[in-house]
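We name chains A, B, ... by the order of the sequence lines, and we start the count at 1 in each one.
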Amino acid sequence: MLFHCEVNISPRQDILDPQGDAVAKALANLGFAGVGEVKVGKYLILELEAADEAAARSMLDSMCHQLLANPITEDYVAAVRPA
Amino acid sequence: MKVAVIIFPGSNCDHDALHVTSKVMGWDVVPVWHESGSLGGADLVLLPGGFSYGDYLRCGAIARFSPIMSAVIKHAQGGGLTLGICNGFQVLLEAGLLPGALLRNTSLEFRCQWTNLQVQTNDCPFTQELQVGEILRIPIAHGDGNYFAPPDTLRQLNEQRRVVFRYCTAEGLITPEANPNGSVENIAGILSEGRNVLGLMPHLERASEAALGSADGKRVFDSLAKSLAEVSW
């Protein structure tokens with residue numbers, strides 16, 4: 001079965017995110033008031049072939065742990081749905 | 001000394017590494033393409049700087065899985081001398097051969113400049129000929145050199161004296177002003193637990209000949225030469 005997967009990778013909460021800070025400042029400079037914390041992350045889209053959704057989810061988790069996200073500096077949220 | 005300089009797609013500091021190890025140090029040096037399965041019996045494995053895989057996903061994240069890396073990991077875990085410079089350091093971190101991670105420079109600028117490094121320990125093959133407190137003038141060129149480690153890891157690194165270099169002023173003061181990238185505790189280079197793997201951001205291979213402005217980097221290669229000469233067979 002073909003599955004459509006999305007992974008949102010973001011910098012961990014306790015880590016300084018200079019990109020996020022730079023974007024927040026840029027927004028403030030543009031005149032947008034009330035901009036709080038900004039975090040800049042990554043968004044990945046994958047098409048996966050798997051026996052069922054549980055297998056796809058398990059494969060995706062392994063991919064995130066091994067390659068897609070660095071657990072020291074990043075958190076991730078992964079979603080799977082039939083394609 | 002037999003040296004293997006690993007070349008990934010996107011590595012661009014391999015030629016300088018090959019030059020210094022072969023022409024300046026006079027060692028027996030072999031360039032090793034990342035798809036090779038063998039290090040050719042090298043004593044020292046050098047992972048050079050550059051932009052392996054275009055820094056895609058994260059710096060060194062994909063190179064860390066290149067075919068040659070199983071041989072590199074085996075070499076390092078077996079106590080073999082392993083030196084990762086800049087992107088090489090990033091690959092070693094992603095491979096888990098060194099603890100911690102590298103983030104984008106806090107300034108968000110790519111910093112290409114001279115730095116002063118203070119030697120923190122000479123209890124390893126890479127700095128055994130240097131004095132603790134000695135200052136080396138070495139250039140950096142990186143956008144993602146901000147070393148980060150969780151508090152427990154940092155504590156362990158300090159307790160085990162595995163921080164090898166810290167960014168400092170010309171007078172040897174460890175200050176925020178001397179820190180070019182925001183690295184925690186001004187850390188520029190660290191050792192593995194076995195003290196046989198060194199990863200550092202500054203380019204030793206760009207400061208090993210006086211004509212380039214500093215030959216301080218050669219002192220690390222000289223330490224390695226001495227340490228190998230001391231190994232009795």
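In this structure the side chain of B:Leu44 reaches within 4.5 angstrom of the side chain of B:Leu83, judged on heavy atoms. Counting heavy atoms from C-beta outward, B:Ile85 and B:Leu46 have side chains that approach closer than 4.5 Å. By the 4.5 Å heavy-atom criterion applied to side chains, B:Val45 and B:Leu47 are counted as neighbours.
The line from CD1 of B:Ile135 to SG of B:Cys168 is 4.5 Å long, rounded to the nearest 0.5 Å. Rounding to the nearest 0.5 angstrom, the gap separating the SG atom in B:Cys59 from the CG atom in B:Leu102 is 8.0 Å. To the nearest 0.5 Å, the span separating CG on B:Leu81 from CG on B:Leu198 amounts to 10.0 Å. The distance from atom CG of B:Leu204 to atom SG of B:Cys13, rounded to the nearest 0.5 Å, is 11.5 Å. A distance of 10.0 Å separates CG of B:Leu200 from CD1 of B:Ile190, quoted to the nearest 0.5 Å.
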Using only distance (under 3.5 Å, no hydrogens or angles), which donor-acceptor pairs connect chain B and chain A?
residue: A:Lys42; atom: NZ; partner: B:Leu57; partner atom: O; Å: 2.4
residue: A:Leu67; atom: O; partner: B:Arg58; partner atom: NH1; Å: 3.0
residue: A:Leu67; atom: O; partner: B:Arg58; partner atom: NH2; Å: 2.8
residue: A:Leu68; atom: O; partner: B:Arg58; partner atom: NH1; Å: 3.0
residue: A:Asn70; atom: ND2; partner: B:Glu94; partner atom: OE2; Å: 3.3

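When the heavy atoms of residues 46-57 of chain A are compared with those of chain B, none of the residues falls under 4.5 Å.
Minimum interatomic distance between A:Leu16 and B:Leu103 (heavy atoms only, all atoms of both residues): O-CD1, 4.4 Å. Minimum heavy-atom separation, A:Val38 to A:Ala24: CG2-CB, 3.7 Å.
Of the atoms belonging to B:Leu57, heavy atoms from both backbone and side chain fall under 4.5 Å from chain A. With a 4.5 Å cut-off on non-hydrogen atoms, A:Ile15 touches chain B through its side chain but not through its backbone.
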